[in-house]
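Read through the structure below, which is laid out as structure tokens, and then see the notes.
Just so you know, ligand 1 is whichever comes first in the structure, and atom 1 is the first atom listed for that ligand.
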Amino acid sequence: MCGIVGYIGGKNCVPILINGLKRLEYRGYDSAGIGIINNSHSDVIKNKGKVSLLEEKIDNLNLFANLGIGHTRWATHGLPNEVNAHPHFNTSKNLFVIHNGIIENYQTLRAGLKKLGYKFITETDSEVIPHLIDSFLTKGNSLFKSVQLALQEIEGTYGLVIIYDKEPDKLIAARKGSPLVLGIGEHENFVASDVSAILAYTKQIVYLEDGELVEVYRDKFVAKTIADKEIQKEVHEISMTLEEIDKAGYDHFMLKEIMGQPESVCNSMRGRIVLDKGTSKLGGLEGVVEKLAAAKRIIISACGTSWHAGLVGEYMFEQFARIPTEVEYASEFRYRNPVINKDDVIFFISQSGETADTLAALREAKIRGASVFGICNVVGSSIARESQAGVYIHAGPEIGVASTKAFTSQLIVLALITLLIARRKDMSLVDGKKIAEEMQKLPDKIAQILKLNDEIEKIAEAFKDSKNFLYLGRGYNFPVALEGALKMKEISYIHAEGYPAAEMKHGPIALIDENMPIVFIAPKDSTYEKILSNIEEIKARKGIIIAVASDSDNEIDKLVDYTIKIPDTIRMLMPILTVIPLQLLAYHIAVKKGLNVDQPRNLAKSVTVE
Ligand code: M6R
């Protein structure tokens with residue numbers, strides 16, 4: 001969840017670290033710090049709050065160093081304050097460490113180190129690391145060896161970078177459970193928790209695997225396992241561009257990403273629809289299509305928005321591929337004792353590809369012999385690499401903490417997989433073609449919905465002071481109700497619940513009064529008449545209704561307080577359209593409340609801790 005960046009080379013590392021931290025701020029933003037080493041001066045500068053505050057503090061110091069590390073924090077152990085911010089250091093303040101992850105046995109290690117005379121000044125688990133390394137250095141070990149020995153004692157997860165003023169020609173990086181990449185430059189090298197931090201300087205990337213540590217010099221790097229086995233690492237050229245990770249004139253990344261959905265949805269489909277055969281072509285699943293078509297059961301496991309996408313996938317797979325499908329929170333899946341049969345296939349959906357719970361669920365499923373397939377956005381991410389097969393959603397970098405374009409692209413990929421399997425089974429050519437044609441029309445329809453932005457902003461004005469929201473939908477649009485509610489709570493801090501519309505009368509109806517806004521997702525599909533009855537039930541109790549309805553629907557306006565009219569498509573694809581107004585509604589309410597839309601409180605983009 002925290003952001004990590006490190007530099008060694010001939011340039012001043014300070015601006016490089018600050019720029020990197022700004023790029024990484026979406027991963028954690030409660031405090032930030034840098035540690036630098038040069039011949040005459042080693043220092044750690046930290047600050048509570050955002051990177052811009054750290055930058056202000058640093059601006060007056062005139063710092064120069066060729067070796068440095070930077071960190072932006074998302075607190076797990078200890079308050080978000082200056083003392084607890086990273087880098088942490090040893091007593092002599094000449095060994096600096098930044099850490100992403102959780103040291104599970106930190107209390108035991110801390111007690112042991114205290115007995116050796118080490119003094120602790122923070123409340124963090126991470127502070128044991130510099131002292132532990134120091135305890136090996138004082139026995140005459142090199143920095144690399146000391147880190148290796150320390151890691152043998154540490155239980156938990158880490159992405160770690162360490163620098164030491166007695167060995168200023170290198171930095172050491174290690175990974176277990178928290179992503180870390182090396183960036184290879186000309187007489188300079190970089191380390192980062194994700195490539196966006198170093199993309200301005202290099203596109204040559206080495207992905208570290210769990211259990212690996214690497215000694216990075218300005219002209220070379222040496223990778224080894226914790227058990228000291230040397231390993232050869234491949235250098236990958238990545239295609240991501242800087243424009244993709246800029247705001248491009250928008251006020252917020254979230255708005256840019258919502259508005260970019262005609263393009264991102266198009267990119268997710270590009271070259272993958274085989275229109276004349278009414279099917280799809282997915283390179284990443286080529287070798288496993290038969291296995292998929294023969295599956296007796298599909299399990300989809302994910303967290304948050306990706307889990308909501310999985311729920312839509314369940315409706316698609318069961319309706320068209322006729323394969324029983326279960327969707328499970330990754331955090332639950334990994335800790336219960338799931339029954340996995342040899343004919344089951346499991347999809348793990350994750351935008352970041354680094355979500356700790358999803359990754360752990362994937363590993364658990366693998367141990368049990370399941371076929372594990374990934375649906376990820378971030379190329380080269382852990383889930384993508386550890387899956388046996390999979391599909392990238394190609395939505396482009398998603399920086400806003402609230403997931404938007406990843407959701408619609410995940411649904412596109414799930415629809416493509418549905419076509420692939422269903423056409424191998426009993427879906428007719430005519431039906432396959434119809435779905436494929438409708439998919440191709442989606443970018444234009446999304447663009448049409450985005451033109452309602454001003455209208456939706458006005459609705460947001462009317463509801464910005466609401467204390468609660470209820471979202472109701474049926475069938476394919478029930479997961480959209482969940483997703484709409486999640487968007488509202490995470491960026492607007494307004495309590496919001498999503499329910500299947502018919503469930504309302506089994507409890508939530510008690511909440512309805514003249515102060516309760518209810519968002520109905522009510523396109524004209526086979527559940528429409530039922531939805532109208534639910535709307536009547538709410539009206540009878542004076543609830544205020546905002547309906548997301550079909551363009552062609554002239555009846556609904558008479559029943560509800562506000563309507564957002566959108567184009568129709570076939571039922572299975574409707575969530576890709578109905579979710580867009582809900583993203584915009586949450587966005588505008590958050591902006592009107594003066595909240596930080598891209599970095600909502602307590603959240604981080606990529607949840608790499610349990
Ligand atoms: O990267 P992932 O898709 O695995 O992330 C899963 C959730 O953490 C994520 O969707 C989260 O719920 C978002 N903040 C939702 O907007």
Side-chain angles (χ1 to χ4, degrees), residues 1 26-29 74 177-179 193-194 196 252-255 257-258 261 264 268 300-313 327-334 347-363 374-387 390-411 413-414 471 479-480 482-493 496 498 579-580 582-587 590 595-610:
M1 326 259 288
Y26 72 102
R27 294 181 64 98
Y29 30 82
W74 186 91
S178 281
S193 48
D194 76 62
S196 60
H252 299 99
F253 281 112
M254 184 180 176
L255 187 60
E257 286 155 11
I258 293 173
Q261 288 175 104
S264 52
S268 307
I300 302 174
S301 190
C303 304
T305 289
S306 299
W307 183 78
H308 297 155
L311 288 179
V312 179
V327 186
E328 182 144 21
Y329 285 118
S331 53
E332 291 300 314
F333 180 86
R334 62 182 288 198
F347 281 101
F348 293 91
I349 309 181
S350 175
Q351 187 286 128
S352 61
E354 301 293 351
T355 300
D357 285 322
T358 313
L359 186 56
L362 179 147
R363 288 174 179 161
I375 300 178
C376 295
N377 191 29
V378 177
V379 175
S381 57
S382 301
I383 292 172
R385 283 179 292 129
E386 294 193 27
S387 300
V391 189
Y392 282 119
I393 64 171
H394 293 314
E398 191 182 65
I399 312 277
V401 165
S403 188
T404 52
K405 65 176 180 173
F407 180 71
T408 44
S409 287
Q410 286 164 344
L411 298 190
V413 164
L414 287 163
Y471 287 74
V480 177
L482 297 178
E483 177 60 9
L486 178 63
K487 288 293 87 90
M488 186 61 81
K489 36 190 168 205
E490 67 180 335
I491 59 167
S492 301
Y493 317 149
V579 77
I580 311 266
L582 308 190
Q583 296 169 344
L584 284 170
L585 184 65
Y587 170 79
L595 299 172
N596 187 338
V597 175
D598 284 332
Q599 291 161 358
R601 73 178 174 211
N602 305 338
L603 286 173
K605 182 65 184 162
S606 173
V607 185
T608 54
V609 293
E610 264 192 62

Q: List in chain and number order the residues that pass side-chain hydrogen bond (donor to acceptor under 3.5 Å, both in side chains) with Ser382, two or more places apart in sequence or in another chain; answer none if no residue qualifies.
A: Arg175, Glu354

Q | Residue pair Glu483, Thr305: steps toward the side chain to side chain donor-acceptor pair (under 3.5 Å) verdict | A | CA-CA 6 Å; Glu483 177 60 9; Thr305 289; 3.0 Å; yes

(Q) As an exercise, state the distance from OH of Tyr587 to OG of Ser492, rounded to the nearest 0.5 Å. (A) 11.5 Å

Q.
Walk me through whether Ile375 and Ile300 qualify under side chain to side chain contact (heavy atoms under 4.5 Å, CB included).
A. CA-CA 10 Å; Ile375 300 178; Ile300 302 174; over 6 Å; no

Q | Test side chain to side chain contact (heavy atoms under 4.5 Å, CB included) applied to Met488 and Tyr471, step by step | A | CA-CA 10 Å; Met488 186 61 81; Tyr471 287 74; 3.1 Å; yes

Q | Those protein residues which place at least one heavy atom below 4.0 Å from ligand 1 | A | Cys303, Gly304, Thr305, Ser306, Ser350, Gln351, Ser352, Thr355, Val401, Ala402, Ser403, Leu486, Lys487, Glu490, Val607

Q. Tell me, do Leu584 and Leu255 make a side-chain contact under 4.5 Å, heavy atoms counted?
A. yes

